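All remarks here apply to the structure that follows.
These numbers were taken from a predicted model, which means no experiment stands behind them. Residue indices begin at 1 and follow the sequence shown. Counting convention: from 1, in listed order, for ligands and their atoms alike.
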Amino acid sequence: MVSMLDLKNALFEGGVVGAGGAGFPTHAKLSDQADTVILNCAECEPLIKVDRQLMVDYINEILSGMQMMVEAMGAKEGIIAVKKSYTASIEAVKSNIGNYKNLRLHILPDIYPAGDEVVLIYETTGRIVPQGKIPILVGCVVCNVETVLNIYQKVTSDTNVVNKFVTVAGLVKKPVTVKVPVGVTVKELIDMAGGVSTEEYVPLMGGPMTGRICGLNDVVTKTTKALLILPPNCLPIRKRQSSPKMDIRNAMSVCSQCSMCTSLCPRNLLGQSIAPNVFMRAIANGLTYDVEPFLNSFFCCSCGLCEMYSCHQGLSPRRLLDQYKGALRAKGVRVPDKPGKGVADPMRDERRVPEHRLITRLGLAGFDVPAPMTEITSVKEVKLMLRQNIGAPCVPSVKVGDTVSVGQKIAAPPEGALGTCLHASIAGTVTAVTDNFVSIKA
Ligand code: SF4
Ligand code: SF4
């Protein structure tokens with residue numbers, strides 16, 4: 001059994017961070033206060049097909065990784081949480097889970113956002129994370145499937161994180177899920193999927209709900225889960241291209257205060273103070289005498305459901321909430337320390353949003369096709385960003401002209417800062433070192 005201290009050191013040195021999108025350094029999550037470790041196999045966003053396939057291809061590595069986490073933290077149990085529609089993943093778990101102590105399978109409903117930590121913890125344990133707080137306060141540590149695979153590989157074979165699994169889908173000739181070295185470009189990912197199938201497209205790094213529009217020279221990081229090539233006129237792209245000024249003008253003119261955005265808000269349904277309709281009323285009418293609707297923006301998880309699904313007027317509560325939250329943070333305002341209701345809404349079960357309906361509403365049903373796993377080995381060049389995760393950016397320890405091998409440490413966070421180490425993802429020569437990245441040519 002690996003001790004918690006050894007596990008923490010290994011994960012820091014190995015560069016293990018949350019691979020599901022948030023990118024929190026995994027060693028910093030481990031705690032002896034945890035009684036439950038939850039494996040997040042919800043994939044959360046539509047069209048992403050990484051974790052469900054990893055669960056089939058690497059089932060014993062993943063279950064062993066979970067067992068290691070449970071034992072190292074002295075937790076009571078590990079919950080393997082898998083969406084109901086991932087039938088092959090569920091079969092793989094059922095066939096192997098008997099070999100592991102203290103692990104149990106929990107089948108999740110096919111809802112969005114099932115992978116949001118607060119939602120996932122409630123679905124699997126019935127516990128409600130207090131608003132603005134972290135899962136360990138209710139005794140839970142949540143880890144994504146790919147993260148647990150990385151933990152297993154670091155502990156058993158001292159393999160540092162140098163690769164990433166990415167689904168490439170949408171307007172490409174051959175949708176795939178590829179295992180690529182961290183630092184390959186968007187353009188290379190598109191080539192791996194057979195190229196684009198149209199002249200007119202917009203690349204989106206991440207899922208349709210929370211991803212960001214990117215350029216062809218942007219690169220894969222340790223948190224990249226998907227590259228979607230989408231039509232310029234689809235809802236997820238149009239939403240990201242509207243101007244904040246226009247968003248406010250629209251809110252002033254057409255918000256009917258129907259409150260559907262609040263009724264379906266997954267955080268509000270778990271008793272948190274975020275109420276997007278109240279916020280929209282405040283900004284549309286300039287109601288600044290009451291700051292609560294603005295401060296409550298800190299309790300929004302930016303899932304995007306209010307603007308991509310709930311609002312019948314096509315308004316953008318999430319984008320406006322993000323903007324206000326960012327501005328408050330920039331002014332030094334911190335997350336308010338106030339309790340939520342502490343109980344779920346009695347209508348919550350009926351108000352959860354089915355994922356298939358969300359995909360249809362986004363206009364992406366035609367892109368929800370298999371994206372089989374493919375391994376890509378020959379990459380000529382990588383650009384490794386020094387900020388790949390939550391915390392401080394890494395400081396490089398290599399210089400131009402150095403020769404590096406795969407997995408060699410090339411950067412680390414400043415002493416005492418939150419972060420993890422960064423490693424060469426291909427063997428070759430360092431061709432550039434800047435404040436933001438290190439480039440390596442094979
Ligand atoms: S759903 Fe749209 S129209 Fe209704 S309250 Fe929310 S923002 Fe306003
Ligand atoms: S993005 Fe909208 S639906 Fe999601 S948590 Fe924030 S307010 Fe609620």
Side-chain angles (χ1 to χ4, degrees), residues 21-22 42 44-46 111-123 128-135 206-212 235-236 238-240 242 244-287 292-329 335-336 340-341 344-345 347-348 350-355 357-358 361-362:
C44 206
E45 293 227 33
I111 55 162
Y112 179 81
D116 171 62
E117 280 192 341
V118 174
V119 173
L120 184 72
I121 289 169
Y122 182 73
E123 289 286 344
I128 295 185
V129 180
Q131 61 183 13
K133 306 291 186 209
I134 53 175
M209 300 298 281
T210 65
R212 64 173 177 87
L235 182 63
R238 277 190 284 118
K239 277 285 172 198
R240 285 164 176 86
S242 71
K245 260 191 190 163
M246 203 45 135
D247 288 340
I248 292 186
R249 268 192 216 148
N250 288 340
M252 290 165 81
S253 56
V254 296
C255 177
S256 64
Q257 282 298 299
C258 67
S259 77
M260 187 61 94
C261 48
T262 298
S263 298
L264 301 185
C265 169
R267 290 293 176 99
N268 183 283
L269 287 170
L270 286 173
Q272 301 208 353
S273 306
I274 177 68
N277 77 302
V278 179
F279 169 80
M280 293 296 269
R281 186 165 62 215
I283 56 163
N285 297 291
L287 305 178
E292 285 299 303
F294 300 98
L295 289 176
N296 288 340
S297 64
F298 280 102
F299 305 128
C300 162
C301 67
S302 300
C303 71
L305 212 47
C306 48
E307 65 185 31
M308 301 275 203
Y309 186 86
S310 314
C311 183
H312 63 109
Q313 299 282 44
L315 299 179
S316 303
R318 184 259 304 261
R319 271 168 62 90
L320 291 166
L321 282 159
D322 279 353
Q323 240 192 334
Y324 275 76
K325 195 170 15 177
L328 289 171
R329 275 208 187 105
V335 181
K341 288 183 191 148
D345 188 291
M347 293 296 288
R348 178 179 182 272
E350 291 71 28
R351 289 184 179 164
R352 295 178 302 182
V353 171
E355 190 172 304
R357 265 198 232 159
L358 173 64
R361 183 74 60 91
L362 295 174

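Among all non-hydrogen protein atoms, the one lying nearest atom 1 (S) of ligand 2 is G304 N, 3.2 Å. Among all non-hydrogen protein atoms, the one lying nearest atom 6 (Fe) of ligand 2 is C300 SG, 2.4 Å. Among protein heavy atoms, atom 2 (Fe) of ligand 1 sits closest to C311 SG, 2.4 Å. Closest protein heavy atom to atom 4 (Fe) of ligand 2: C303 SG, 2.3 Å. Protein heavy atom at the shortest distance from atom 8 (Fe) of ligand 1 is C255 SG, 2.4 Å.
Under a 4.0 angstrom heavy-atom cut-off, C301 registers as being in contact with ligand 2. The closest approach between a heavy atom of S256 and any atom of ligand 1 is below 4.0 Å.
Applying salt bridge (charged side-chain N to carboxylate O under 4.0 Å, His left out) to E307 and the options R319, R318, K239 leaves one that passes, R318.
Listed here is the closest heavy atom pair of L270 and V119: CD1-CA, 4.1 Å. Of all heavy-atom pairs between V129 and V118, the closest is CB-CG2, 4.2 Å. The heavy-atom pair separating L264 from V353 by the smallest distance is CD1-CG2, 4.4 Å. Of all heavy-atom pairs between A251 and A284, the closest is O-CB, 3.7 Å. In terms of heavy-atom proximity, V335 sits nearest to G132 at CG1-CA, 3.9 Å. Nearest heavy atom pair, residue C261 against residue N277, reads SG-N, 3.5 Å.
The Q313 neighbourhood of ligand 1 comprises atoms 3 (S), with distances under 4.0 Å to a heavy atom of that residue. For ligand 2, the atoms sitting less than 4.0 Å from at least one non-hydrogen atom of P266 are 3 (S), numbered in the order shown with element in parentheses. Remark: ligand 1 atoms within the under-4.0 Å shell around heavy atoms of S259 are 4 (Fe), 5 (S). Ligand-side atoms of ligand 1 in range of N277: 5 (S), range being under 4.0 angstrom from any heavy atom. Each of the following atoms of ligand 2 lies closer than 4.0 Å to a heavy atom of R318: 1 (S).
Residue side and main chain included, C265 places an N/O/S atom under 2.8 Å of atom 8 (Fe) of ligand 2.
A side-chain donor-acceptor contact under 3.5 Å links S273 and Q131.
Not less than 6.0 angstrom separates the ring centroid of Y309 from the ring centroid of Y112.
With a 4.0 Å cut-off on non-hydrogen atoms, L321 touches ligand 2 through its side chain and not its backbone. Counting heavy atoms under 4.0 Å from ligand 1, residue A251 does not touch it at all.
Judged by distance alone, the side chain of R240 and the main-chain N or O of P236 form a donor-acceptor pair under 3.5 Å.
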